[in-house]
Protein chains: 2
Amino acid sequence: MVHTPSLQHRLPNEGAHIHAPWRSETAKQAIAQSEALCRAKGARLTPIRRRVLEVLLASPKPLGAYDLVDRLGSQGRRMAPITVYRALDFLIEHGLAHRLASRNAYLASSDVSTGRQTTAFLICESCGEATEITSPAVADTVLKVLKEQGYQPRARALEITGRCAGCQDIH
Amino acid sequence: MVHTPSLQHRLPNEGAHIHAPWRSETAKQAIAQSEALCRAKGARLTPIRRRVLEVLLASPKPLGAYDLVDRLGSQGRRMAPITVYRALDFLIEHGLAHRLASRNAYLASSDVSTGRQTTAFLICESCGEATEITSPAVADTVLKVLKEQGYQPRARALEITGRCAGCQDIH
DNA sequence: CCCAAATATGTAGTGATATAACCTATACGA
DNA sequence: TCGTATAGGTTATATCACTACATATTTGGG
Ligand SMILES: [Zn+2]
Ligand SMILES: [Zn+2]
Ligand SMILES: [Zn+2]
Ligand SMILES: [Zn+2]
């Protein structure tokens with residue numbers, strides 16, 4: 001059992017190395033879209049919720065709830081975990097963010113407009129980067145399998161693990 | 001936020017209702033297979049590990065680590081969580097059990113012989129029952145998507161959520 | 001505008017899940 | 001049998017998520 005990967009969550013940014021650059025314009029656009037969507041639905045994107053979303057959007061990797069707590073404190077004031085969880089609850093409910101169960105981590109939706117359809121996440125088990133994709137092939141296959149087994153499908157996120165291009169050979 | 005499903009783990013057997021019966025012969029067979037497989041690999045299926053596997057096999061639903069702790073105590077003696085986690089670690093590493101990240105729960109492999117290939121679990125979000133399937137269609141699709149995105153595939157378990165046949169309409 | 005209801009946040013404590021660190025016991029091979 | 005590797009015991013702790021209740025803010029009706 002020399003190299004058994006641990007069962008539990010690994011913080012996404014311990015010894016982090018990033019392969020993809022990050023653009024802030026994308027984040028601004030996403031915020032604007034999110035605001036529009038919330039207005040349309042009568043949902044309240046309050047300052048706290050908005051800030052949580054901004055921090056998620058500003059991160060190239062999924063963040064743990066307590067990572068968010070750390071990043072959201074202002075002038076020595078630490079935000080209570082429950083506050084972050086409540087904001088995440090809201091964001092997830094409205095399709096603005098997702099939870100990665102396999103990592104106990106959260107990330108912003110890459111495309112708000114798709115709403116709560118079946119999406120998939122490719123998660124690099126080396127660097128923790130997550131790519132959200134909406135693949136009809138995956139959705140169809142999953143739907144077929146569910147139907148075959150008599151399961152009624154519920155729109156959910158699929159987590160697929162692999163090793164991203166940047167992490168190949170190198171590690 | 002009236003009916004937001006909680007983010008955290010729900011014990012798999014709280015208010016449990018079971019739709020499928022359970023047969024103990026299958027469990028005995030699985031134990032025999034597991035023993036054979038461990039002998040062949042030089043892995044040691046010790047009494048503790050074997051008991052954990054037996055308890056998993058005896059459960060129609062995935063069990064939390066602390067459920068296992070509760071079920072494994074004998075004559076007032078409570079097994080330490082770490083002991084259970086170590087046993088689970090072993091079982092998972094050798095393909096005898098799986099972890100369902102979306103539920104923080106563990107279950108025995110339905111077919112030991114398939115080893116650590118890409119399998120999928122259909123998880124009922126109502127009753128918690130999990131069905132392990134090995135669908136070439138799913139495996140192929142996942143592989144293709146990974147390749148498209150430059151990901152190197154790593155054999156892992158896919159967790160697909162839905163509502164099982166028994167739970168339809170009823171709830 | 002004022003008030004009542006609904007919604008959102010603050011605060012404190014706790015529950016639930018998983019592991020670290022260190023030590024002892026047992027199994028295995030030479 | 002002896003040395004090493006592996007497994008398990010014990011204690012404490014890290015990590016993740018939520019309950020319960022009080023307070024503040026928003027919102028819509030009168
Ligand atoms: Zn990577
Ligand atoms: Zn890398
Ligand atoms: Zn069900
Ligand atoms: Zn049911």
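These figures come from a predicted structure and were not determined experimentally. The sequence lines fix the lettering, A, B, ..., with proteins before strands; numbering per chain opens at 1.
Here dA17(D) presents its P atom at 9 Å from CG of L88(A), a figure rounded to the nearest Å. Atom CD1 in I82(A) sits roughly 14 Å away from atom P in dT11(C) (whole-Å rounding). At whole-Å resolution of the value, CZ in R50(A) and C1' in dT9(C) are 18 Å apart. Rounded to whole angstrom, the span from the CG atom of L45(B) across to the P atom of dT6(D) amounts to 17 Å. Regarding K41(B), its NZ atom lies at a distance of 16 Å from the C1' atom of dT6(D), rounded to whole Å. Counting to the nearest Å, the P atom of dA16(C) and the CG atom of D70(B) are 11 Å from each other. Taking atom CG of D67(A) as the reference point, atom C1' of dA14(D) lies 14 Å away to the nearest angstrom. Taking atom CZ on R99(A) and atom P on dT15(D), their separation rounds to 17 Å, with Å as the unit.
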Hey, what are the protein-to-nucleotides 23-30 of chain C N/O distances that come in under 3.5 Å?
{"unit_1": "dA27(C)", "atom_1": "O4'", "unit_2": "R44(B)", "atom_2": "NH2", "d": "3.4"}

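For Y85(A) and dC18(D), the shortest distance from a side-chain N or O to OP1 or OP2 is not below 4.0 Å. Contact between the side-chain N/O atoms of R77(B) and the OP1/OP2 oxygens of dG8(D) is not found at any separation under 4.0 Å. Considering only side-chain N and O atoms, T46(B) lies under 4.0 angstrom from the phosphate OP1 or OP2 of dG8(D). Contact check, R86(A) against dA17(D): no side-chain N or O comes under 4.0 Å of OP1 or OP2. Contact annotation: Y106(A) reaches the phosphate of dA17(D) (side-chain N/O to OP1 or OP2, under 4.0 Å). Taking side-chain N and O atoms only, T83(A) has no distance below 4.0 Å to OP1 or OP2 of dT9(C). For the pair N104(B) and dA18(C), the criterion of a side-chain N or O lying under 4.0 Å from OP1 or OP2 is met.
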Step-by-step side-chain contact (heavy atoms from CB on, under 4.5 Å) determination, Y106(B) to L63(B): CA-CA 5 Å; Y106(B) 305 84; L63(B) 295 176; 5.8 Å; no

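No contact: R78(A) has no heavy atom under 4.0 Å from any strand.
For Y66(B), the listed nucleotide lying nearest its side chain is dA18(C); candidates were dT10(D), dA18(C), dT11(C).
A side-chain donor-acceptor contact under 3.5 Å links S135(A) to the backbone of V138(A). In terms of modelled atom types and a separation under 3.5 Å, the side chain of T141(B) and the main chain of A137(B) share a donor-acceptor contact.
Taking CG from N104(A) and CG from D67(A), the interatomic distance works out to 11.0 Å, rounded to the nearest 0.5 Å. Rounding to the nearest 0.5 angstrom, the gap separating the NE2 atom in H98(A) from the CD atom in E159(A) is 10.5 Å. To the nearest 0.5 angstrom, L107(B) atom CG is 4.5 Å from L100(B) atom CG.
Nearest-nucleotide assignment on DNA chain C puts the 5′-proximal partner with I48(A), out of I48(A) and P81(A).
For the residue pair T161(B)/E125(B), the side-chain donor-acceptor check at 3.5 Å is not satisfied.
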With a cut-off of 3.5 Å and sequence neighbours excluded, list every side-chain donor-acceptor pair involving residues 28-48 of chain A.
{"unit_1": "S34(A)", "atom_1": "OG", "unit_2": "A30(A)", "atom_2": "O", "d": "2.7"}
{"unit_1": "E35(A)", "atom_1": "OE2", "unit_2": "R50(A)", "atom_2": "NH1", "d": "2.1"}

